[in-house]
Structure formats: C-alpha cells, structure tokens
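None of the values given here were measured: they were computed from a predicted structure.
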Amino acid sequence: MLRSAPLQATRMVIMDGFFHDYDDKAGLTVSAMDVAAIESAHHRGLPLYRRAWPAKRAVDVAAALLLLIVLALPMAVIAIAIRLESKGPAIIRSGRMGHRGDAFGMLKFRTMQVRADDVLAAHLADCARARAEFARFRKLRDDPRRTRLGQFLRRYSLDELPQLIHVLRGEMTLVGPRPYTPDEAATLTGVAKDILKVVPGLTGPWQVSGRSLLSFRDRVRFDLDYAKGFTPALDLSVLLKTPRAVLSADGAY
C-alpha cells in the first residue's frame with residue numbers, strides 16, 4: 001500500500017514530448033516515498049479508472065439530476081438575459097472530442113457575438129501581442145468577441161451549466177480532462193490517445209489550479225496526469241476545490 005508523504009525532490013521525465021514534474025505542490029499524482037511508487041501509481045491510473053467507472057457514473061447521474069432541478073430557474077433567467085443583450089441563440093454547440101475521440105456538440109451559454117470567428121481573425125491579424133497570447137493560452141484576456149454579459153458568465157463559469165446535460169447523458173463526467181476541440185486535439189499528437197481514454201469533465205485539476213492563467217501546454221500536462229494517475233481521492237479533492245475556484249474567479253476570463 002502506498003504511504004502518502006511529501007516528495008523531497010522533483011523528478012522530471014519526458015512523456016510523449018511533454019515534460020512532467022511530479023511534486024507535492026502540483027497535487028496531481030499520488031504522493032509516495034519514492035519516484036518508483038509514483039510511477040507504479042501512474043500505470044495503475046487507467047485500470048483503476050475503468051473499475052471505478054460504475055460508481056463514478058452513479059454519482060454523475062445523481063448530481064446532474066439534482067443540479068439541473070435546482071438550477072433550472074437561474075438557467076432560464078440567464079438564457080433570457082443573453083437573448084435580450086444581443087442577437088443570436090442563448091445556447092450554442094461547440095464541437096469537442098469526447099471519450100475515445102467520439103465527437104459531440106458541447107452545449108454552452110453563448111458568451112460571444114455572432115460571427116465571433118471573424119472578429120477573432122481580424123483582431124489577431126491586427127495585433128501581434130494578441131497573436132502571441134492566443135498561441136500560448138488558446139484564449140485572450142481582453143477578447144473582443146465577448147459580450148458584456150458573456151464576460152460575467154465566463155468569469156464564474158456559468159456559461160458551462162448546460163453541460164450538466166452531457167453529464168446526465170454520459171458524454172461528460174463531473175471530473176475529468178477538459179473537452180478539447182478537434183483543432184486542439186490535433187496538436188496533442190502522442191498524448192491525445194491517453195487523455196481521450198477517459199471521459200471529459202465539467203471540472204478537473206487544471207480548472208482548480210489556475211484556470212486560464214495556465215498555458216495550453218500546462219493544461220495538457222494536468223489532463224494527462226489525471227488520465228494516468230486517476231484515483232477516487234483525486235476526484236473528491238477536485239470536487240471540493242471547485243466551488244472556491246469558481247467563486248474566487250481566479251484565473252477566469
């Protein structure tokens with residue numbers, strides 16, 4: 001049995017082209033007496049995930065049902081407010097890669113203007129700083145595509161509430177890697193197959209560890225570590241940290 005203890009040194013390894021640092025501060029892998037124990041736990045992550053899936057799924061269904069009932073009225077108010085502020089649908093679908101690479105249309109409250117892609121392309125063409133920021137983070141802090149209400153919804157992750165429907169349907173889970181767009185998944189090369197072996201989550205380690213302040217590379221690292229180092233205790237830790245991360249809005253934009 002692994003004994004939990006802080007690691008005194010950080011071990012750097014290269015896995016599928018990405019550097020991974022295993023330390024107690026990251027909190028993504030099992031703390032143990034030595035690096036060999038960590039690597040052993042890393043290899044057990046995916047089999048343990050499969051064994052834990054029935055219980056994980058039961059929790060997903062119960063929690064999603066309860067939250068959808070409790071949040072039905074606030075979600076209706078948000079939808080009406082979006083339609084009143086700007087033209088376009090209240091809820092949009094965004095193409096994402098699901099379990100084993102199965103594509104699905106992820107539901108989100110609309111936070112951007114209609115023809116947002118055209119607005120982004122023009123902004124990136126005119127601003128070198130924005131191009132560099134977008135290349136590193138796949139996001140922009142001052143995004144010209146966002147509506148005023150959209151900024152508020154994204155700050156507190158309210159735009160993601162419709163994704164509870166995906167949790168109920170089994171296309172997403174409460175805790176897991178972020179659901180990547182097909183374009184993003186294409187850049188992951190060797191690591192994609194490991195991340196896509198687990199179901200994408202409504203929240204996950206990267207969302208409670210800096211959110212948009214993390215580079216895209218670091219977000220991938222968090223997701224890969226989750227996929228290979230899954231434990232039920234990790235899921236519980238992420239769920240307990242999520243409310244504070246959402247309410248504090250640290251790193252959210």
Side-chain angles (χ1 to χ4, degrees), residues 4 20 22 24-31 41-42 44-68 70-71 94 96-102 104 106-108 154 156-181 184-185 188 191-192 194-214 218-252:
S4 178
H20 294 263
Y22 299 104
D24 188 59
K25 181 179 179 181
L28 297 177
T29 51
V30 177
S31 296
H42 220 52
R44 289 205 306 271
L46 288 170
L48 178 59
Y49 184 90
R50 289 190 285 269
R51 293 197 299 271
W53 177 250
K56 186 175 170 68
R57 178 69 184 138
V59 172
D60 283 348
V61 171
L65 274 173
L66 178 61
L67 289 171
L68 282 170
V70 172
L71 297 173
S94 176
R96 300 299 169 113
M97 304 296 289
H99 187 213
R100 297 175 180 172
D102 293 337
F104 71 102
M106 189 182 73
L107 299 173
K108 297 186 71 172
R154 290 175 70 93
Y156 295 102
S157 298
L158 297 174
D159 60 316
E160 299 177 1
L161 291 180
Q163 292 165 33
L164 289 167
I165 295 173
H166 296 299
V167 176
L168 196 59
R169 293 170 57 176
E171 295 167 326
M172 293 180 67
T173 182
L174 291 178
V175 182
R178 68 188 297 266
Y180 289 87
T181 67
E184 289 173 336
L188 301 182
V191 305
D194 291 317
I195 294 175
L196 296 177
K197 284 178 181 177
V198 301
V199 180
L202 190 62
T203 185
W206 81 270
Q207 288 96 328
V208 299
S209 304
R211 298 171 79 176
S212 295
L213 296 178
L214 298 173
D218 285 337
R219 280 180 257 161
V220 171
R221 177 184 66 104
F222 273 65
D223 286 342
L224 184 62
D225 282 343
Y226 174 87
K228 291 196 169 187
F230 165 82
T231 66
L234 177 56
D235 266 19
L236 180 60
S237 175
V238 170
L239 286 173
L240 292 176
K241 292 176 181 177
T242 295
R244 181 182 180 278
V246 170
L247 293 175
S248 69
D250 289 340

T242 vs Q207 side-chain heavy atoms within contact, under 4.5 Å: no
P200: partners by side-chain contact (heavy atoms from CB on, under 4.5 Å), with sequence neighbours left out: F104, M172, P179
Separation of L236 CG from K241 NZ (nearest 0.5 Å): 10.5 Å
Distance in Å, T173 OG1 paired with W53 CH2, rounded so as to fall on 0.5 Å steps: 4.5 Å
E160 side-chain N/O to S157 backbone N/O, donor-acceptor pair under 3.5 Å: no
Heavy-atom pair with the smallest gap, counting every atom of Y226 and G176: CE2-CA, 3.7 Å
Pairwise side-chain contact, L168 with L164, heavy-atom cut-off 4.5 Å (strictly under): no
Shortest non-hydrogen contact from H99 toward K197: NE2-O, 3.1 Å
Atom pair CG (D159) and NZ (K108), whose distance is rounded to the nearest 0.5 Å: 4.5 Å
L46 versus A227, closest heavy-atom pair with distance: CD2-O, 3.1 Å
Carboxylate-amine/guanidinium proximity below 4.0 Å for R178 and D223: no
For L239, all residues meeting side-chain contact (heavy atoms from CB on, under 4.5 Å), sequence neighbours excluded: L174, V175, T203
Gap between atom CZ of R96 and atom CD of Q163 - 0.5 Å precision: 7.5 Å
Inter- and intrachain pairs under salt bridge (charged side-chain N to carboxylate O under 4.0 Å, His left out), touching residues 56-67, at least two apart: K56-D235
Minimum heavy-atom distance between P177 and I195, given as atom pair plus value: CB-CG2, 3.8 Å
Shortest non-hydrogen contact from R219 toward Y180: O-OH, 3.9 Å
Side chain proximity check, L48 to P232, heavy atoms < 4.5 angstrom: yes
Beyond-backbone contact of Y49 with V199, side-chain heavy atoms, under 4.5 angstrom: yes
Shortest non-hydrogen contact from S209 toward F222: CB-CE2, 3.3 Å
